[in-house]
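Following: one structure in structure tokens, then a few remarks.
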Amino acid sequence: MYRENDVNLLRTELLAMVENHLTPVALRYGYSDVPLETNIKWRPQVLVLGNYSSGKSTLINDFLGADIQATGQAPTDDSFTIITYDDSIPSSPIIRVTEERDGKFLLNDPEYPYDILKKHGQRFISHFKLKKVNSPFLKNLAIIDTPGMLDSLTERDRGYNYQEVIGDFAQIADLVLVLFDPHKAGTIREAHISLRDTLPARTFEDRVLFVLNRIDECDSLIDLLRVYGTLCWNLSQITGRKDIPMIHLTYSPRAGKTSENRAECETDYLCYLENQREKLKKAILEAPRYRLDHLASFIETHGERLSHLLEALISYRKQFRKFRLKYALTGFFVSFLGGGAAIFAITANVPFAQTDSRWQLVSGGVVALAILISWMTLLRKYIRSIFHRKRLKNLDRLTPLENQTRRDCWQSVRELVYDYLKKTGGLFSEKEVKKEYAAVRRVFSKRAPEIREAVNELSRIDYDQPDTTEAPISS
Ligand SMILES: Nc1nc2c(ncn2[C@@H]2O[C@H](COP(=O)(O)OP(=O)(O)O)[C@@H](O)[C@H]2O)c(=O)[nH]1
Ligand SMILES: [Mg+2]
């Protein structure tokens with residue numbers, strides 16, 4: 001197992017990076033309404049998704065070691081339940097719910113990271129709750145049990161947008177379990193689409209675990225292979241990939257004993273298969289390490305976006321400076337021409353032709369100065385507003401968009417750049433933005449890769465093995 005201290009150390013460092021360097025910029029430019037770390041500062045979380053009756057709650061109960069969640073064949077539980085550890089209760093062999101809270105409390109207590117879910121409205125809030133349980137399984141993580149997907153249910157029936165809620169939870173969660181059962185092995189399109197749209201592409205694979213559950217209910221080994229094949233085919237259709245991700249094959253021996261279907265099944269084949277429940281449990285207990293991965297990706301994603309935002313603002317100011325210089329030079333040139341023309345007009349005009357040439361020069365100078373002053377004051381404001389409008393209209397020219405990653409990144413901040421330029425009229429301190437850019441850039445391109453390397457290093461260390469680097473005990 002991972003060494004808790006190493007994980008905590010890295011976690012603290014990552015959070016400090018977000019708090020000190022990314023959040024101030026994110027808040028200032030409207031990139032986020034709440035400090036960025038709000039969503040990631042709480043304990044690691046595991047989101048459990050799947051059809052109704054795929055055995056989500058049973059699996060959770062098995063891991064917790066007690067019947068905490070209601071289970072049943074019919075769609076029993078239509079709530080999103082956060083199940084977390086109760087630190088205030090001394091450990092006891094009897095595992096039970098020690099405290100229950102409703103959605104309103106969860107959304108308003110700053111300890112919890114669910115601020116972003118407020119937008120889903122009252123109906124969602126009434127289907128959202130917290131249970132504190134004294135199970136040792138929860139010491140380093142929290143589990144989110146979800147209502148099953150029901151194809152027949154529409155957004156109007158539910159009263160909230162299920163897909164969006166799942167997407168938001170997936171963003172917060174460090175590990176996502178997607179459960180299937182042999183009866184409905186291919187109907188997770190809805191969940192998968194919202195996962196694919198919300199999780200960063202590069203970490204999607206690492207953060208999602210697929211589980212074929214209730215395998216004890218297959219009629220025979222052939223039936224199980226058929227179900228497995230269907231699931232693989234459906235997954236490849238959805239993911240658009242030919243290589244199939246690892247699928248954990250599991251069942252609950254406890255639930256199986258009482259299952260009506262089970263009695264009719266020929267389940268001898270189960271002895272040839274390893275129930276991967278324990279493996280799955282081990283993977284879930286690794287959630288704190290997934291959390292580090294999640295944090296590192298979080299910093300990479302937001303660091304990249306914020307630096308793109310600042311880069312566009314700096315580019316605006318650079319273009320503005322160039323424009324100002326060009327405009328001033330043109331002003332000098334025009335006033336010089338104007339002055340020259342005035343002198344020419346004076347000398348060509350008979351009544352003035354005889355005046356002292358010094359006066360002619362002074363008059364030319366005065367005309368040139370008058371032109372220059374009006375150029376730099378009255379006209380300047382007008383021409384500047386044309387420059388500003390033009391830049392807002394061609395916002396994409398502020399930054400090079402040479403590849404798809406840059407284009408995607410730009411899409412996520414384009415609107416913010418537009419709003420900020422509009423709000424400030426393009427008048428902001430370039431020096432300050434440059435300073436912020438340097439800090440974000442340092443985090444994104446130097447510190448984040450270092451931390452990523454440390455996170456990878458940590459996952460390579462097998463803490464179950466004795467540490468061979470220790471000095472041998474001398475005899
Ligand atoms: N035979 C068998 N039945 C199971 C298994 N897991 C869950 N069940 C049963 O399936 C039904 C639905 O389980 P539940 O956990 O409520 O599903 P959820 O809707 O996904 O939370 C319950 O009656 C469970 O007893 C399993 O692995 N094998
Ligand atoms: Mg359930």
Side-chain angles (χ1 to χ4, degrees), residues 46-83 97 100 103 124 126-131 133 135 137 142-153 158 162 165-166 169 173 176-188 190-192 208-221 223-224 227-228 231 247-281 284:
V46 179
L47 175 67
V48 184
L49 294 178
N51 285 308
Y52 76 93
S53 289
S54 53
K56 299 180 291 298
S57 306
T58 307
L59 181 87
I60 293 171
N61 288 345
D62 282 358
F63 289 156
L64 298 182
D67 288 334
I68 301 299
Q69 290 292 84
T71 61
Q73 283 297 347
T76 15
D77 187 354
D78 60 356
S79 293
F80 289 86
T81 311
I82 312 291
I83 308 167
V97 176
E100 257 191 277
F124 164 71
S126 60
H127 288 90
F128 187 36
K129 59 184 175 201
L130 171 87
K131 279 185 187 173
V133 177
S135 167
F137 183 77
I143 293 192
I144 308 170
D145 194 5
T146 61
M149 279 163 263
L150 275 170
D151 292 341
S152 56
L153 267 190
R158 283 201 179 99
Y162 178 81
V165 171
I166 292 289
F169 271 119
V176 182
L177 254 58
V178 185
L179 265 69
F180 306 89
D181 66 279
H183 314 290
K184 305 178 275 312
T187 51
I188 50 119
E190 196 187 17
H192 195 277
V208 180
L209 293 182
F210 293 104
V211 181
L212 178 56
N213 198 25
R214 298 177 67 165
I215 57 163
D216 60 313
E217 286 183 323
C218 291
D219 290 339
S220 60
L221 184 58
D223 188 33
L224 171 64
V227 168
Y228 186 77
L231 179 56
I247 300 172
H248 289 80
L249 300 175
T250 77
Y251 65 97
S252 164
R254 211 159 58 101
K257 270 184 204 143
T258 54
S259 169
E260 304 146 18
N261 297 346
R262 176 77 183 274
E264 299 149 21
C265 301
E266 181 54 64
T267 51
D268 292 349
Y269 63 86
L270 286 176
C271 63
Y272 300 115
L273 294 168
E274 176 201 7
N275 184 359
Q276 292 175 326
R277 213 107 170 144
E278 272 311 306
K279 222 176 190 173
L280 192 61
K281 188 173 178 180
I284 295 175

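Counting convention: from 1, in listed order, for ligands and their atoms alike.
Nearest residue to atom 24 (C) of ligand 1 from Val48, Thr58, Asp78, Asp62 is Thr58 (criterion: closest heavy atom). For atom 12 (C) of ligand 1, the nearest non-hydrogen atom from the set Gly50, Gly55, Ser54, Gly72 belongs to Gly72.
Counting backbone and side-chain atoms alike, Ser57 contributes an N/O/S atom closer than 2.8 Å to the Mg ion (ligand 2).
Asp67 pairs by the side-chain contact (heavy atoms from CB on, under 4.5 Å) definition with Asn61, Arg254, not counting sequence neighbours. Partners of Phe137 under the ring pair (Phe, Tyr, Trp, His ring centres under 6.0 Å) rule, at least two apart in sequence or in another chain, are Phe63.
Residues Val165 and Phe128 are not in side-chain contact: their nearest non-hydrogen atoms beyond the backbone lie 4.5 Å or more apart.
Taking all atoms of both residues into account, the shortest heavy-atom contact from Ser57 to Asp145 is OG-OD2, 2.8 Å. Nearest heavy atoms, Ile166 versus Leu47: O-CD2, 4.3 Å. In plain terms, the two heavy atoms of Ser252 and Asp62 that are nearest each other are OG-OD2, 3.0 Å.
By the 3.5 Å distance cut-off applied to N or O atoms, Ala70 is not counted among the residues near ligand 1. Of the N or O atoms in Tyr52, none lie within a sub-3.5 Å distance of an N or O in ligand 1. In terms of polar-atom proximity, Ser53 is counted as a contact of ligand 1, with an N or O under 3.5 Å from an N or O of the ligand. In terms of polar-atom proximity, defined here as any N/O pair under 3.5 Å, Asp216 does make such a contact with ligand 1. Among the atoms of Thr71, none of the N or O lies under 3.5 angstrom from an N or O of ligand 1. Geometrically, ligand 1 and Ser57 share a nitrogen or oxygen pair separated by less than 3.5 Å.
Between the side chains of Ser54 and Asn213, no donor N or O sits under 3.5 Å from an acceptor N or O. The closest side-chain donor-acceptor pair between Lys56 and Gln69, if any, does not fall under 3.5 angstrom.
Counting the atoms of ligand 1 from 1 in the order shown, those under 4.0 Å from a heavy atom of Tyr251 are 27 (O). Per-residue contacts place Asn51 under 4.0 angstrom from the following atoms of ligand 1 (heavy atoms of the residue considered): 20 (O).
At a 4.0 Å heavy-atom cut-off, ligand 1 touches Glu217 through the side chain alone.
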